[in-house]
Amino acid sequence: MKEQSPSPTVRVFIALAPPDDAKQELERELAPAYAAYPRMRWNRIEDWHITLAFLGELPAAVVPRLHAPLAGLAGAREPLRLALDGGGHFDERVLWSGIRGDLEGLHLLAADVRAAVKECGIAFADRPLRPHLTLARARRDDLTSVLGAAAGLAGFAGRTWPAARLHLVGSNFGRGPGPIRYRDIESWGFGGGS
């Protein structure tokens, strides 16, 4: 009897993405850290995002259930005014930039996104939202690079920008020893925008 292959899966999250010029502003601020800490695993600038809900590994056939509810949710929202702000770290291993601006609106959006996911019958680990943008990870034998890079971002205050699109993102691309690659499965403009 022929063994059936498992159905394909995709790692999924729902996020906001800063516009290119806001990311480039932060990238310029990071230039000294890139030079000083070349062994860190730096995320690609095009993959920078603010995660609202991490759904984890889902069967690919389940993902389309999210399209209509997320489109409706985005269409009923106005853009949020946000900015990238400073830097910090999680457990001396993960470097991040903080977020400032309409944080109350960001938390409300995340709560609504998570409720929509649950209404679609998709279970996920509903962890508290800690708004940030992940920039890099340190290697296991490196306990100082993240601290130094975070200190270098302490005074960074990026320009304000409108978060105007909701992104449903897949991250099953580039699995293996290289960096994780992300791609939009779909995205929707806020306030009925494109």
Side-chain angles (χ1 to χ4, degrees), residues 1-23 41 43-82 84 90 94 96-97 99 101-135 137 161-194:
M1 178 186 257
K2 185 177 178 182
E3 189 176 312
Q4 278 191 305
S5 62
S7 59
T9 62
V10 61
R11 186 169 294 150
V12 177
F13 60 90
I14 301 161
L16 300 175
D20 288 345
D21 56 345
K23 292 189 289 187
R41 294 184 313 233
N43 292 2
R44 299 177 326 148
I45 185 173
E46 57 267 34
D47 290 335
W48 289 353
H49 63 273
I50 303 162
T51 301
L52 301 174
F54 180 75
L55 309 185
E57 201 76 27
L58 298 178
V62 168
V63 175
R65 284 190 217 163
L66 295 166
H67 292 208
L70 293 176
L73 193 128
R77 283 277 194 305
E78 292 300 317
L80 298 171
R81 303 290 298 169
L82 301 173
L84 301 174
F90 297 130
V94 177
W96 50 261
S97 176
I99 308 298
D102 186 1
L103 296 182
E104 181 180 347
L106 185 62
H107 281 273
L108 290 171
L109 174 62
D112 288 348
V113 162
R114 293 166 185 216
V117 171
K118 290 175 185 172
E119 287 171 13
C120 289
I122 298 172
F124 66 100
D126 193 358
R127 296 183 180 98
L129 178 68
R130 295 172 70 180
H132 69 280
L133 188 141
T134 300
L135 302 171
R137 288 173 175 76
W161 43 269
R165 293 193 75 74
L166 186 63
H167 299 264
L168 178 63
V169 183
S171 65
N172 62 332
F173 306 94
R175 285 191 184 163
I180 295 171
R181 303 281 189 226
Y182 303 117
R183 74 164 174 84
D184 274 4
I185 296 169
E186 187 65 65
S187 70
W188 304 273
F190 285 17
S194 55

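Starting from 1, each residue takes its place in the sequence as its number. When reading the values below, keep in mind they use all heavy atoms of this one structure, side chains included, and skip hydrogens, waters and symmetry mates.
Between A110 and L129, the shortest heavy-atom contact is CB-CD2, 3.7 Å. When all heavy atoms of L168 and L66 are compared, the pair lying nearest together is CD1-CD1, 3.9 Å. Closest heavy-atom contact between S97 and L135: N-CD1, 3.8 Å. Across all their heavy atoms, V10 and S171 have their closest contact at CG2-N, 4.5 Å. Of all heavy-atom pairs spanning H107 and P131, the tightest one is NE2-CG, 3.9 Å. Among all heavy-atom pairs drawn from V169 and I185, the shortest one is C-CD1, 3.9 Å.
Although no hydrogens or angles enter the test, the distance criterion places no donor-acceptor pair under 3.5 Å between the side chain of D184 and the main chain of S187.
Once rounded to the nearest 0.5 Å, the distance linking OG1 of T134 with CH2 of W48 reads 11.0 Å. Atom-to-atom distance recorded for E186:CD and L166:CG is 10.5 Å, nearest 0.5 angstrom.
Taking the side chain as every heavy atom from C-beta outward, I122 and V63 never approach each other to under 4.5 Å. In this structure the side chain of F124 never reaches within 4.5 angstrom of the side chain of I14, judged on heavy atoms. Looking at heavy atoms from C-beta onward, L73 lies in side-chain contact with L109 at the 4.5 angstrom threshold. Taking the side chain as every heavy atom from C-beta outward, W96 and R130 never approach each other to under 4.5 Å. Using a 4.5 Å cut-off on side-chain heavy atoms (C-beta onward), W161 and L82 make contact.
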In sequence, state the C-alpha distance, the side-chain angles, and the governing distance for L84 and I99, and then conclude on side-chain contact (heavy atoms from CB on, under 4.5 Å). CA-CA 5 Å; L84 301 174; I99 308 298; 3.6 Å; yes
Would T51 and H132 count as a side-chain contact (heavy atoms from CB on, under 4.5 Å) here? Give the steps. CA-CA 8 Å; T51 301; H132 69 280; over 6 Å; no
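In terms of the salt bridge (charged side-chain N to carboxylate O under 4.0 Å, His left out) criterion, residue partners of D126 (sequence neighbours excluded) are, by chain and number, R114, K118.
Within 6.0 Å of CZ in R81 there are more than 12 heavy atoms belonging to other residues, nucleotides or ligands.
Only one option out of H167, H49, R11, E46 pairs with Y182 in a side chain to side chain contact (heavy atoms under 4.5 Å, CB included); it is H49.
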